[in-house]
Amino acid sequence: MTYHQPVPLLWWTRRRSYVVFVLRELSSVAVAWFVVHFLLLVTAVHRGPGAYQEFLDWSARPLILVVNLVALAFVVLHAVTWFNLAPKALVVRVQGQQVPPRMIAAGHFGAWFVVSAIVAWVLVVML
Amino acid sequence: MPDTITLQVARYRPESESAPTLQEYEVPLREEWAVLDGLNYVKDHLDGTLSFRWSCRMGICGSCGMTVNGDPALTCGTFLTDYAPGPVRVEPLANFPVIRDLVVEIDDFLHKLPEVKPWLVRDDDGGVDDVEFLQTPEQLDAYKQYSMCINCMLCYSACPVYGIEPDFLGPAAIALAQRYNLAPATSAHQRLDVLATDAGVWACTYVGECTRACPKGVDPAGAIQRYKLTAAARTLLPWGKR
Amino acid sequence: MADHDVVVVGGGGAGLRAAIAIVQARPELSVAVVSKVYPMRSHTVSAEGGAAGVIAGDDSLDEHAYDTVSGSDWLCDQDAVEAFVEEAPRELLQLEHWGCPWSRQPDGEVAVRAFGGMKKMRTWFAADKTGFHLLHTLFQTSLRYPQIVRYDEWYVTTLLVDDGRVEGVVGIELATGRIEAITGRAVVLCTGGCGRVFPFTTNGNIKTGDGMALAYRAGAPLKDMEFVQYHPTGLPFTGILITEAARAEGGWLLNKDGYRYLQDYDLGAPSPTPVMRSMELGPRDRISQAFVHEQEKGNTVDTPYGPVVYLDLRHLGEKVIDAKLPFVRELCRQYERIDPVHELIPVRPVQHYMMGGVHTDIDGATGLAGLFAAGEVACVSINGATGSAPTRCPSAWCSAAGPGSRPPSTPWRTPMPRASRPRSPTSGGAWSTTCWRAATVASGSPTCAPTCSTRWRAASGSSATPIRCSPASRSWASCGSGSRRPPSRTPAGRSTPSWSRRWSSGSCWTSPRRWW
């Protein structure tokens with residue numbers, strides 16, 4: 001008779017990496033929230049200026065602001081862990097030498113920063 | 001430094017108990033004693049009924065993996081003085097059924113291992129007659145790390161996914177598949193049907209604890225993420241099927 | 001009761017190799033591999049340094065045979081050695097074809113290193129985890145064959161002998177206590193040695209001589225049991241082996257005054273770079289003996305775990321140590337808490353290998369019909385009294401048999417580009433032939449393998465300690481010299497082996513010569 005060790009309900013609190021893992025999994029909820037928020041925005045724009053203003057006022061309420069900030073934190077967490085993972089999945093060789101994992105991660109973060117800067121520039125300057 | 005240290009050892013005697021209990025033993029605390037030496041002291045001098053596996057005591061046979069103070073570890077390479085003044089809690093590896101005391105059943109892994117075909121399948125192998133396949137040190141380096149797995153099962157014990165989803169192939173099995181995938185003159189795709197599945201690499205959520213637990217620096221988490229990329233390219237990209 | 005064609009007892013290097021050879025030669029046969037541990041726990045896993053097989057262009061089978069015979073103190077069976085040196089390269093190459101990660105030269109060819117007792121570079125190695133890679137390569141390759149049925153953590157208690165013929169074994173499944181007979185037309189013992197009768201040994205806990213006892217009780221003779229090899233460099237307390245490769249790469253042995261004392265023991269003159277078969281690369285028994293003499297002179301350093309001398313690797317530098325001896329560094333850091341890049345490694349001789357074992361003929365057949373033996377449990381003998389270091393591992397895989405279909409006794413490495421190299425449509429060759437011989441009547445090959453963790457039998461409550469400690473302490477105290485062996489270096493100590501055997505050089509070696 002073997003004894004099957006149960007997995008405790010709070011197993012994920014035992015290690016920092018487990019907590020981070022569970023938070024990263026939860027970040028999918030934050031992503032879903034942003035999608036819903038965006039759909040609400042599209043609907044409001046579709047319905048006309050009044051509805052759009054109503055949407056803006058609603059979005060400015062402290063509760064919605066907090067929800068959005070928390071969701072942003074989750075999405076940033078997801079992005080950071082994702083880019084940290086990149087050197088694990090990508091092994092690049094240049095002239096026979098393996099590119100150090102840090103370089104690959106740095107490349108990803110650099111690209112992320114550049115794309116974010118371009119998006120910000122488009123939003124702020126162009127519009 | 002005190003002369004002794006307390007070991008809290010998980011005991012499970014299936015003939016008389018329905019669940020494990022902790023039993024305390026006082027063992028000498030010596031500079032060069034590993035947790036395994038403490039257990040052997042218990043076995044030899046205090047309680048001959050204690051069951052555990054061990055053999056080489058040099059970190060290569062993979063027998064003596066246990067949970068020490070909550071972390072999976074090879075007990076031959078985990079030193080008592082690092083836990084002074086104690087107590088040191090020694091339990092069987094998590095995520096495995098316990099047969100007795102500190103002995104766990106690893107049959108699940110041994111059934112999964114052949115599924116990933118951990119052997120070399122090369123098209124050009126006609127036989128050994130005087131033929132030596134060339135392999136540059138760089139080609140060797142490409143897979144060598146993944147060949148260092150000693151099957152100690154610490155990664156399975158550290159992996160929460162395996163704990164929750166026992167169908168998961170698991171870190172060591174996938175790392176060993178990668179070891180043969182990356183060997184020269186072999187195709188990385190002959191194991192696709194096993195690895196690119198819900199129970200294969202896609203079950204992994206990249207907790208990364210397997211790599212941290214590995215006593216041999218194998219980096220199974222890296223192996224799995226690499227294969228995710230291979231599998232995605234193979235199944236999603238139009239030219240991947242070639 | 002379970003029935004198979006062949007029952008292999010032990011799942012280490014020898015056992016797995018035998019099982020694979022049998023099913024390759026005769027795929028219709030069912031082979032049971034009964035081991036008291038999971039095969040990958042077998043003690044083959046601990047071998048570090050390498051395995052000898054002639055491959056370099058300036059080497060020859062004759063020279064390998066000569067080194068092996070002289071390294072055995074002239075006490076081996078020269079026919080067996082001849083067969084062994086011819087099979088060794090093929091076996092090592094076979095492992096390469098199965099994916100064993102041999103260390104390589106920059107051009108991609110298998111690299112060979114110098115080793116104690118060998119005059120040429122012919123020791124194949126996978127960094128300093130050779131045994132580990134060999135065992136796992138064999139284990140993983142064995143998973144290909146559904147005909148190989150494993151009985152993991154089954155402890156064999158008895159050989160079933162009927163009318164003078166071995167017909168199977170009785171085993172206990174350790175997890176449940178179930179007792180069952182496993183029958184077969186032939187039984188191959190591959191259970192490794194019995195180093196655990198010594199208190200200070202490199203051997204794992206599982207090397208308890210089970211196979212030797214099984215064979216002895218069944219009436220098969222043992223031989224050469226007085227020949228016990230001491231390895232010169234074990235870490236004090238743990239007995240963990242610091243591989244000979246550490247010396248082959250240029251490590252020095254120093255006494256308490258920092259003096260390379262081997263020069264005082266007729267082992268050559270010190271030189272900054274390693275010289276084959278000289279100083280630190282002399283035969284293991286000579287180096288271990290030198291330690292005992294140094295101890296008598298008071299030139300060793302006392303520690304709580306006995307007298308030690310020092311192995312100095314510092315001059316090799318971090319780069320060489322990490323590339324060639326990573327495991328040595330790992331072991332020293334973890335178990336001695338020293339870093340060999342900057343510090344001296346304390347070492348002392350340690351029991352390492354049983355040269356003797358179950359007597360077999362050149363085909364691996366024992367004195368008992370239906371019973372074969374291979375690996376450390378067996379004695380063919382190619383080790384004689386002292387055994388050259390890298391001989392033991394390949395001997396695990398090489399058949400001691402098989403006339404015909406051998407590589408020519410000349411250097412045979414073909415430095416052609418891979419694509420243009422000759423290919424043979426068949427695989428297997430001499431080994432498989434032999435193995436089938438041993439498989440109908442079942443065959444094996446020689447070397448290092450183990451069996452069960454005594455700890456596992458735990459429930460009985462008995463302790464192995466008193467048994468382990470008593471004869472063991474005595475043997476260390478009385479053995480004195482490195483390997484236990486006759487005092488003279490002449491072949492007189494044993495019944496005459498096949499001295500009349502003619503080698504291709506036309507001569508046969510009957511007298512000791514100088515080593516260098």
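The structure presented is a predicted model; accordingly, all values stated were derived computationally and were not measured.
Ranked by non-hydrogen atom pairs under 4.5 Å with chain B, the options A/Ala86, A/Pro6, A/Pro87, A/Ala89 are led by A/Ala89. With respect to chain A, the highest number of heavy-atom pairs below 4.5 Å among B/Ala19, B/Ala221, B/Pro160, B/Ala142 belongs to B/Pro160. When each of B/Asn95, B/Thr211, B/Leu229, B/Val207 is scored by its heavy-atom pairs under 4.5 Å with chain A, the top score falls to B/Val207.
A/Lys88 has its side chain within reach of B/Asp219: a pair of non-hydrogen atoms, C-beta onward, lies under 4.5 Å apart.
Contacts from residues 63-71 of chain B to chain A, taken as heavy-atom pairs separated by less than 4.5 Å, involve B/Gly70, B/Asp71 in sequence order. Residues of residues 16-23 of chain A having a heavy atom under 4.5 Å from any heavy atom of chain B, listed by number: A/Ser17, A/Tyr18, A/Phe21.
Taking a 6.0 Å sphere around CG of A/Leu9, one finds it holds 12 or fewer heavy atoms contributed by other residues, nucleotides or ligands. The environment of CG in B/Asp198 is sparse: at most 12 heavy-atom neighbours from other residues, nucleotides or ligands sit within 6.0 Å. When the shell of 6.0 Å around CH2 of A/Trp82 is examined, it contains 12 or fewer heavy atoms from other residues, nucleotides or ligands.
The CZ atom of B/Arg226 lies 9.0 Å from the CG atom of A/Leu90; values are rounded to the nearest 0.5 Å. Here OH of A/Tyr3 is found 11.0 Å from CD of B/Glu17. Values are rounded to the nearest 0.5 Å. Taking CD of B/Gln225 as the reference point, atom CG of A/Leu85 lies at 4.5 Å (rounded to 0.5 Å). Distance CH2/A/Trp11 to CD1/B/Ile164: 4.0 Å, rounded to 0.5 Å.
For B/Ser18, the part sitting under 4.5 Å from any heavy atom of chain A is the backbone (N, CA, C, O) and nothing else. Looking at B/Tyr206, both its backbone and its side chain come within 4.5 Å of chain A, counting heavy atoms on both sides. Using a 4.5 Å cut-off between heavy atoms, A/Arg14 does not touch chain B at all. At a 4.5 Å heavy-atom cutoff, B/Ala223 makes no contact with chain A through either its backbone or its side chain.
Judged by distance alone, with hydrogens and angles left aside, the side-chain atoms of A/Arg24 form a donor-acceptor pair with the main-chain N or O of B/Thr205 at under 3.5 Å.
For the side chain to side chain contact (heavy atoms under 4.5 Å, CB included) with A/Gln5, the lone residue among B/Pro92, B/Pro97, B/Pro20 that qualifies is B/Pro92.
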